[in-house]
Amino acid sequence: MLPTPALRRRLAAFVYEGVLLFGVVMVVGAVYGIATNQRHALQGRHGLMAVLFLSLSLYFLWFWTHGGQTLAMKTWRVRLVSSQGGPVALWQALARFMLSWLWFVPPWLLAWLANWHGSTYLSAIMGLWVACYALATRITPGQQFVHDVVCRTRLVDTRSA
């Protein structure tokens, strides 16, 4: 059984994934804007958000079920496997994708309920929440993220493989 990567490496892969996904989102957004003849940022924004969500889900589902590594995970030598160490099933990848929104949704929901639109509170709460969510690995089985424990997946270090 391969060891769990250090939290620092997992978070580095998380940040790098965000950088790579910025490019994916920009390309998908440009294609959507051209295809729908979008002339204003608010025109068709709900359709754009749906297309972006779908494209992100396809990105993660494809990579997690075909080798267990996204581009950022390959760079940082981290792989997603089932709790038994085998490949991830489609249902696990889908559940993990949906539950991984726990990184962001709770502070967004709190800000929305508190009417903190455009407030600096959102940044502070987002940072605090992400830190707490990451530090929760200290108490979860195998030091995995909460969404990995629920989905019966785990991140492993591939440097020793």
Side-chain angles (χ1 to χ4, degrees), residues 4-32 41-42 44-76 78-83 87-156:
T4 301
L7 180 59
R8 180 181 292 174
R9 283 190 48 236
R10 289 182 280 168
L11 292 178
F14 176 77
V15 170
Y16 187 48
E17 195 77 69
V19 171
L20 295 175
L21 288 178
F22 180 78
V24 171
V25 166
M26 295 308 291
V27 169
V28 170
V31 169
Y32 177 84
L42 296 178
R45 70 183 181 275
H46 298 298
L48 174 61
M49 291 171 62
V51 168
L52 289 175
F53 186 81
L54 180 64
S55 63
L56 290 176
S57 63
L58 290 174
Y59 171 87
F60 284 109
L61 294 177
W62 173 263
F63 281 111
W64 289 343
T65 58
H66 292 82
Q69 291 178 297
T70 62
L71 301 174
M73 293 168 80
K74 286 179 183 178
T75 301
W76 285 93
V78 174
R79 175 173 280 131
L80 180 69
V81 296
S82 69
S83 58
V88 175
L90 180 60
W91 72 267
Q92 287 177 301
L94 182 59
R96 186 177 195 269
F97 175 76
M98 296 306 290
L99 286 176
S100 67
W101 285 95
L102 287 172
W103 280 102
F104 307 108
V105 170
W108 283 340
L109 184 60
L110 177 62
W112 179 73
L113 290 172
N115 201 24
W116 290 338
H117 308 293
S119 170
T120 56
Y121 292 129
L122 179 58
S123 298
I125 290 177
M126 182 66 76
L128 181 64
W129 175 257
V130 167
C132 290
Y133 192 81
L135 290 174
T137 61
R138 303 291 186 218
I139 60 171
T140 57
Q143 295 192 336
Q144 296 296 320
F145 292 120
V146 172
H147 55 273
D148 285 314
V149 173
V150 173
C151 298
R152 291 185 273 156
T153 57
R154 55 188 307 263
L155 294 172
V156 296

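In this text the structure is predicted, and so the values were computed from the model without any measurement.
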- Query: Distance-only, no hydrogens or angles: does the Arg152 side chain make a donor-acceptor pair with backbone N or O of Gln92 under 3.5 Å?
  - Reply: no
- Using the salt bridge (Lys or Arg N to Asp or Glu O under 4.0 Å) rule, collect all pairs that involve residues 93-118, keeping only residues at least two apart or in two chains. Arg96-Asp148
- For the pair Trp116 (side chain) and Leu110 (backbone), establish whether a donor and an acceptor sit closer than 3.5 Å, ignoring hydrogens and angles. no
- Task: Compare every heavy atom of Leu7 with every heavy atom of Leu135, then report the nearest pair and how far apart it is.
- Result: CD2-CD2, 4.5 Å
- Message: Quick check: closest heavy atoms across Gly29 and Leu52, and the distance to 0.1 Å?
- Response: N-CD2, 4.3 Å
- Task: Give a yes or no on whether Phe14 atom CZ has more than 12 heavy-atom contacts from other residues, nucleotides or ligands under 6.0 Å away.
- Result: yes
- Message: For the aromatic rings, using the six-membered ring if either is Trp, is the centroid distance between Tyr59 and Phe97 under 6.0 Å?
- Response: no
- Task: For residues Gln69 and Arg79, report the shortest heavy-atom separation together with the two atoms involved.
- Result: OE1-NH2, 2.9 Å
- Taking atom SG of Cys132 and atom CD1 of Ile125, what is their separation to the nearest 0.5 Å? 11.5 Å
- Task: Could you grab the distance from atom OG1 of Thr137 to atom CG of Leu155, nearest 0.5 Å is fine?
- Result: 10.5 Å
- Item | Closest approach of Ala93 to Thr65 (non-hydrogen atoms, all atoms of both residues) | CB-CG2, 3.8 Å
- Message: Would the distance check show the side chain of Tyr32 and the main-chain N or O of Gly44 forming a donor-acceptor pair, the cut-off being under 3.5 Å?
- Response: yes
- Query: Measuring from Ser57:OG to Trp62:CH2, what's the distance to the nearest 0.5 Å?
  - Reply: 14.0 Å
- Trace of the side-chain contact (heavy atoms from CB on, under 4.5 Å) decision for Val25 with Leu56: CA-CA 8 Å; Val25 166; Leu56 290 176; 4.3 Å; yes
- Message: Checking the side chain of Thr4 only, and the main-chain atoms of Gly142 only, is there a donor and an acceptor separated by less than 3.5 Å?
- Response: yes
- Message: Could you work out, with side chain to side chain contact (heavy atoms under 4.5 Å, CB included) as the rule, every residue matching Ala124, not counting sequence neighbours?
- Response: none
- Output for pair (Thr70 OG1, Glu17 CD), nearest 0.5 Å, gives 3.5 Å
- What distance do Phe53 atom CZ and Leu58 atom CG have between them, rounded to the nearest 0.5 Å? 10.5 Å
- Message: Set out, in order, the CA-CA distance, both residues' side-chain angles and the distance that settles side-chain contact (heavy atoms from CB on, under 4.5 Å) for Phe145 and Thr140, then state yes or no.
- Response: CA-CA 7 Å; Phe145 292 120; Thr140 57; over 6 Å; no
- Applying side chain to side chain contact (heavy atoms under 4.5 Å, CB included), name anything that partners Leu122, two or more places apart in sequence or on another chain. Trp108, Ala111
- Which heavy-atom pair separates Leu102 from Trp129 by the least distance, and what is that distance? O-NE1, 2.7 Å
- Query: Does CG in Leu109 sit with more than 12 non-hydrogen atoms of other residues, nucleotides or ligands closer than 6.0 Å?
  - Reply: yes
- Quick one: SG on Cys151 to CE on Met98, what's the gap to the nearest 0.5 Å? 10.5 Å
- Message: Within the supplied structure, the quantity of interest is the number of heavy atoms (other residues, nucleotides, ligands) at a distance under 6.0 Å from Tyr121 OH; does it exceed 12?
- Response: no
- Looking only at non-hydrogen atoms, find the nearest pair between Pro107 and Met126 and report the distance. CG-SD, 3.6 Å
- Query: Okay, side chain of Arg9, backbone of Trp76: is any donor-acceptor separation there less than 3.5 Å?
  - Reply: yes
